[in-house]
Amino acid sequence: MMFKKILIANRGEIACRVAATARRLGIRTVAVYSEVDAGAKHVALCDEAVAIGGQAAAESYLRWERIIEAACASGAQAIHPGYGFLSENEAFASACAQAGLVFVGPPATAIRAMGLKAESKRLMALANVPLVPGYHGDDQDPHLLLHEANRIGYPVLIKASAGGGGKGMRVVQRQEEFAQALASCQREAQSSFADAAVLIEKYVQRPRHIEIQVFGDSLGNFVYLFERDCSVQRRHQKVLEEAPAPGLSEELRQQIGLTALEAARAVGYVGAGTVEFIVEQPDEGGMRFYFMEMNTRLQVEHPVTEAITGLDLVEWQLRVAAGEPLPLKQDQLKRHGHAIEARICAENPDKQFLPATGTLRTYELPAISEFSPSALRVDSGVRQGDAISPFYDSMVAKLIVHADTREQALARLDAALAATRIVGLPTNVQFLRHVVQSQSFAQANLDTALITREATVLFEQERVGLNLAAAAVVAHTLLAEQSMQKNQAWNEPWAQRDGWRMFGQAHRHFDLEFHGQRQTALLHYGHDGALDLQVGSSTSALHFSARADGIALDFADHRLCVQVICQGELAHVFTPQGATQITLLDALSHAGEALVETGNLAAPMPGKLVTFHVRPGDTVRQGQVLAVMEAMKMEHTISAPADGEVAELLYAPGDQVPEGAMLLTLKT
């Protein structure tokens with residue numbers, strides 16, 4: 001019998017996603033929330049909500065005893081863990097059963113078998129599932145691990161044994177780099193999974209990341225719902241995912257799918273799971289695939305599978321957890337068209353994907369009505385005015401498109417990203433457009449090094465030049481002034497700012513800053529009402545008018561619709577080609593600017609100081625690692641900007657550090 005009430009032990013978009021399916025099935029929902037999430041979207045979407053603790057995950061969403069108490073007190077019959085947090089926690093799954101609650105996921109035995117990468121690989125070897133050469137042993141002595149890395153041959157990949165989501169992973173190119181990479185992996189693994197154990201594997205050249213969505217029920221039935229390609233990654237975390245995987249033969253698709261089923265059967269799997277493979281693309285011969293890991297939960301990228309199958313995987317999870325058989329058999333499953341998902345994250349790609357925090361001052365995602373319900377889907381756990389905090393993952397939303405062909409899906413995704421408006425903090429929206437438009441991605445020349453390989457066309461790209469940005473902000477300013485005059489009924493001719501002069505020609509200066517460079521735009525008013533805008537040595541006629549969706553702009557042989565959103569002096573300019581920022585300077589507010597003190601290192605984002613690699617009095621070289629910070633579940637190294645001597649350490653390991661705080665002083 002289907003559940004009447006479930007508790008969702010998660011936050012953000014996945015909590016909202018589960019709540020939507022539950023509502024459609026007539027199931028009541030209970031949300032849980034931390035101090036920082038008291039006003040979050042997922043709390044508002046559920047029928048009731050329970051506070052479970054402080055801001056950090058360890059004080060709230062990882063407190064499974066408190067979550068079970070909340071479920072029992074609210075009368076929930078089952079707990080859906082979403083992904084991340086407790087979704088692959090064996091102790092939590094067992095505790096749910098002991099409390100008489102259904103854990104919407106696999107049995108604890110399957111989580112245990114697949115949760116530790118080393119153990120799962122031993123099981124897969126017994127099931128004759130192909131494995132990447134490596135070391136998966138229990139002995140974690142650093143000298144032994146180094147010896148095994150040398151035996152395997154560089155480059156090698158260090159991976160947290162209990163890990164996932166790209167955390168606790170480092171590629172090591174040379175023996176000299178191994179010790180520092182190992183220590184970093186172990187710290188990150190301990191912090192994220194409370195288990196510092198790692199495994200060592202051969203780093204496969206030109207690998208593709210292919211994963212198979214599998215499902216099992218308690219009656220012994222198994223199916224696979226085709227494959228996804230998740231090769232486009234940064235920091236071992238996925239950026240774009242698509243289904244089906246392009247360029248695979250039907251024979252290889254079936255072979256990988258059947259192998260994934262063998263992996264699921266080997267552990268008596270029940271529910272939704274993902275078997276992940278590394279696919280090697282040798283210069284000669286066919287593709288070879290190796291088992292990488294099994295994620296015993298629903299994946300972030302499950303919507304692309306839903307798009308090509310027309311199925312609701314959360315509904316399948318709930319039905320299987322309620323004891324029902326799988327809704328369909330393998331020969332009844334069909335795939336249709338192509339789907340791509342883009343993860344929109346609060347981060348700065350041009351600064352090594354540094355996570356960002358802040359408030360979503362403007363948050364406008366493309367309207368479904370502009371496409372169609374089957375062509376575009378938006379999964380998001382935030383609203384305009386919400387804050388992205390340093391305590392959780394940096395993902396803001398997911399855009400999922402579906403079309404008959406991959407080429408059509410690419411065009412729809414680019415159009416959806418072009419219609420996205422986020423102001424208040426840096427995001428990767430423009431970077432995603434660059435990836436989608438890149439030759440490698442467009443031609444499905446995929447591997448996990450795509451972002452590195454295409455760096456020259458993905459990073460530091462400016463698709464909107466100074467002239468167009470200046471014209472947009474001038475037109476926006478003039479339209480705002482016209483609206484103000486109209487609203488205030490300024491009918492006196494001397495109050496008008498239309499540039500009319502009885503004698504001579506009027507001019508108006510706009511002081512701007514674009515990419516750190518001061519610029520001046522000069523607006524010339526003609527007697528006939530015509531406007532000419534001079535930016536640098538270039539002058540063109542300026543025509544514009546207000547539209548419901550922005551400004552119709554005609555300037556320098558460009559006719560297009562632009563949108564300008566201002567935050568104080570900073571103007572965010574959105575165009576079909578891309579987006580940029582330009583500052584309309586107030587001369588008086590900049591008259592007293594002070595010189596920025598040099599020689600100090602500031603925290604680039606709020607987070608926890610993990611460790612210093614130097615002491616006062618140490619001499620350091622430019623680029624040398626000085627400190628390690630942790631934010632949004634990832635470690636970030638702070639390097640010396642120049643040669644110098646460490647004067648003073650201003651924080652201690654373990655301290656929570658605000659953005660912009662000076663970590664140490666450096667005499668240069």
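This is a predicted model, so every value here is computed, not measured.
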Does a donor on one side chain and an acceptor on the other come within less than 3.5 Å for [X] and [Y]?
X: Asp37; Y: Tyr61; value: yes
X: Thr274; Y: Asn295; value: no
X: Thr305; Y: Arg228; value: yes
X: Gln408; Y: Arg406; value: no
X: Glu276; Y: His209; value: yes
X: Thr448; Y: Gln233; value: no
X: Tyr290; Y: Glu280; value: yes

Taking every non-hydrogen atom, the tightest pair across [X] and [Y]:
X: Ala322; Y: Met1; value: CB-O, 3.7 Å
X: Gly216; Y: Val320; value: O-CG1, 3.4 Å
X: Pro325; Y: Leu219; value: CB-CD1, 3.7 Å
X: Ala127; Y: Ala266; value: CB-CB, 4.2 Å
X: His402; Y: Ser374; value: CB-O, 3.2 Å
X: Phe92; Y: Asn89; value: N-OD1, 2.9 Å

>> Val223 vs Leu328, test: side chain to side chain contact (heavy atoms under 4.5 Å, CB included). Steps then yes/no.
In response: CA-CA 8 Å; Val223 297; Leu328 296 173; over 6 Å; no
>> Once ring pair (Phe, Tyr, Trp, His ring centres under 6.0 Å) is applied, do any residues pair with Tyr269, and if so which ones, sequence neighbours excluded?
In response: none
Short N-O contact, [X] and [Y], less than 4.0 angstrom:
X: Glu241; Y: Lys238; result: no
X: Glu315; Y: Arg17; result: no
X: Glu188; Y: Arg170; result: yes
X: Glu301; Y: Lys398; result: no
X: Arg24; Y: Asp312; result: yes
X: Glu347; Y: Arg234; result: yes
X: Arg421; Y: Glu364; result: no
X: Asp379; Y: Arg377; result: yes

>> Go through it in stages, so that I can follow the logic: the residues are Leu333 and Phe226, the test is side chain to side chain contact (heavy atoms under 4.5 Å, CB included), and I'd like the CA-CA distance, side-chain angles, deciding distance and then a yes or no.
In response: CA-CA 9 Å; Leu333 293 167; Phe226 313 110; 4.1 Å; yes
Would you check if the side chain of [X] reaches a backbone N or O of [Y] as a donor-acceptor pair within less than 3.5 Å?
X: Lys121; Y: Met292; value: yes
X: Arg206; Y: Gln281; value: yes
X: Ser87; Y: Gly84; value: yes
X: Asp217; Y: Leu326; value: yes
X: Glu454; Y: Ser440; value: yes
X: Lys4; Y: Ile27; value: no
X: Arg122; Y: His136; value: yes
X: Arg297; Y: Gly82; value: no
X: Ser74; Y: Ala71; value: yes
X: Asn428; Y: Leu432; value: no

Got more than 12 heavy atoms from elsewhere within 6.0 Å of [atom1], [X]?
X: Gln352; atom1: CD; result: no
X: Gln332; atom1: CD; result: yes
X: Gln254; atom1: CD; result: no

>> Any heavy-atom pair between the side chains of Val314 and Leu298 that's under 4.5 Å?
In response: yes
>> Run Arg208 and Glu227 through salt bridge (charged side-chain N to carboxylate O under 4.0 Å, His left out) and show every step you take.
In response: CA-CA 12 Å; Arg208 285 180 66 176; Glu227 81 286 346; over 6 Å; no
> Only one of Leu410, Asp414, Val457 clears side chain to side chain contact (heavy atoms under 4.5 Å, CB included) with Gln437; which?
Replying inline: Asp414
>> Show, in sequence, the C-alpha distance, side-chain angles and deciding distance for Tyr33 and Ser60, and conclude whether the side chain to side chain donor-acceptor pair (under 3.5 Å) test is met.
In response: CA-CA 7 Å; Tyr33 62 92; Ser60 52; over 6 Å; no
>> Against the six-membered ring of Phe441, is Arg453 placed for a cation-pi contact (under 6.0 Å from the centre, within 45° of the normal)?
In response: no
> Could you walk me through whether Phe277 and Thr259 pass the side chain to side chain contact (heavy atoms under 4.5 Å, CB included) check?
Replying inline: CA-CA 10 Å; Phe277 295 92; Thr259 301; 4.0 Å; yes
>> Checking Thr296 against Glu88 for the side chain to side chain donor-acceptor pair (under 3.5 Å) test, could you report, in this order, the C-alpha distance in whole Å, the side-chain angles of both residues, the deciding distance, and whether it holds?
In response: CA-CA 6 Å; Thr296 53; Glu88 295 179 281; 3.1 Å; yes
>> One pair to check against side chain to side chain contact (heavy atoms under 4.5 Å, CB included): Leu7 and Val32. What are the steps and the verdict?
In response: CA-CA 8 Å; Leu7 181 142; Val32 292; 3.8 Å; yes
> Is the distance between the ring centroids of Phe459 and Phe353 less than 6.0 Å?
Replying inline: yes
>> As a quick check of understanding, evaluate side chain to side chain donor-acceptor pair (under 3.5 Å) for His302 and Gln213, giving each step before the final call.
In response: CA-CA 8 Å; His302 76 275; Gln213 178 71 65; over 6 Å; no
